[in-house]
Trainee: 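Let me begin by handing over the structure; questions about it come next.
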Amino acid sequence: MTSKTTNRTGFNSLYQEHHEWLVRWIAKRTSSADNAQDLAQDTFIKLLNKPMLYDDMRSPRAWLTKVAGNLMTDQLRRQVLERNYQSMLESMPESDYFSPEEQLELLNLLEQIDKLLTGMKAKEKKAFLMVRLDGMSYKDVASELKVSLSSVEKYIAKATLQCYQLVYFDS
């Protein structure tokens, strides 16, 4: 048997043994059985794209729950972004609306920015967004956030470094 055949057999076995369990695990944590099915499929697709031998996986359920949990978190983040974006659109006059293509592009950009800033403290994230998206000066950000100018400089440096590392070293 070739390595590719062994991988396919291992994947098929893993899928058959754990798919229904994973769907139930996700369904307990989400509000939709269809969504649980979709997330389970996405989880297995991530596994399928891993260059590893499935037979050697020591804790398949731990790996599956970790990946599924990350996918659920990503989905929740996107839903929050979509709600916030929709609220922003509702507050705008119709003449200022973006085209559907521009809306999708903007939503995807917001999602990428959110992922880049994951794990940062709220003030760090807010300072970065105020400077980069709103065009505010460091001094104005410091005044708005009620922190020192040096704190804002540190926040921006940290956020910029995190974005740089994620874009250039984690992709």
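Note that the structure is predicted; figures quoted are calculated from it, not measured.
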Trainee: May I ask whether W63 and V23 are part of the same hydrophobic cluster, defined by side-chain heavy atoms of I, L, V, M, F, W, Y residues being less than 4.5 angstrom apart, directly or through others?
Mentor: no
Trainee: Return the CD1 to CE distance between I26 and M72, rounded to the nearest 0.5 Å.
Mentor: 6.0 Å
Trainee: If we only count heavy atoms from C-beta on, is the V141 to K126 side-chain gap below 4.5 Å?
Mentor: no
Trainee: Which heavy-atom pair separates Q162 from T118 by the least distance, and what is that distance?
Mentor: NE2-O, 2.9 Å
Trainee: For the CZ atom of R29 and the CZ atom of R24, what is their distance to the nearest 0.5 Å?
Mentor: 12.0 Å
Trainee: If the condition is side chain to side chain donor-acceptor pair (under 3.5 Å), which residues does S99 pass it with, not counting sequence neighbours?
Mentor: E101, E102
Trainee: Taking all atoms of both residues into account, what is the closest heavy-atom pair of K139 and L149, and its distance?
Mentor: N-CD1, 3.7 Å
Trainee: Evaluate whether atom NZ of K158 has more than 12 neighbouring non-hydrogen atoms of other residues, nucleotides or ligands under 6.0 angstrom away.
Mentor: yes
Trainee: We want to know whether S32 and T30 form a side-chain donor-acceptor pair, criterion being a heavy-atom distance below 3.5 angstrom.
Mentor: no
Trainee: Crowded around E105 CD? As in, over 12 foreign heavy atoms under 6.0 Å?
Mentor: no
Trainee: Tell me whether T160 contacts the main-chain N or O of A157 through its side chain, where contact means a donor paired with an acceptor under 3.5 Å.
Mentor: no
Trainee: Hydrophobic cluster membership, with links at side-chain heavy-atom distances under 4.5 Å among I/L/V/M/F/W/Y: are L76 and V67 in one?
Mentor: no
Trainee: List for me each residue that meets side chain to side chain donor-acceptor pair (under 3.5 Å) alongside D140, sequence neighbours excluded, and say none if there are none.
Mentor: S137
Trainee: Once the angle between the rings of Y15 and F44 is folded into 0 to 90°, is it parallel (under 30°), tilted (30 to 60°) or perpendicular (over 60°)?
Mentor: perpendicular
Trainee: Please round to the nearest 0.5 Å and tell me the distance separating atom CG of L39 and atom CG of L22.
Mentor: 8.5 Å
Trainee: Donor-acceptor check, side chain of E124 to backbone of K121, threshold 3.5 angstrom: yes or no?
Mentor: yes
Trainee: Are W21 and L71 co-members of a hydrophobic cluster defined by side-chain heavy atoms under 4.5 Å apart?
Mentor: yes
Trainee: If we only count heavy atoms from C-beta on, is the L145 to M130 side-chain gap below 4.5 Å?
Mentor: yes
Trainee: If you count every heavy atom of other residues, nucleotides or ligands that lies below 6.0 Å from E144 atom CD, does the total exceed 12?
Mentor: no
Trainee: So, the side chain of S151 versus the backbone of V147: is there a donor-acceptor pair under 3.5 Å, distance only?
Mentor: no
Trainee: On a heavy-atom basis, which atom in L14 and which in P60 lie closest, and how many Å separate them?
Mentor: CD1-CB, 3.3 Å
Trainee: Atom CE of M120 and atom NZ of K125: how far apart are they, to the nearest 0.5 Å?
Mentor: 8.0 Å
Trainee: What's the spacing between D42 CG and N70 CG if we round to 0.5 Å?
Mentor: 12.5 Å
Trainee: Working to the nearest 0.5 Å, report the span between CD of Q41 and CD1 of I45.
Mentor: 6.5 Å
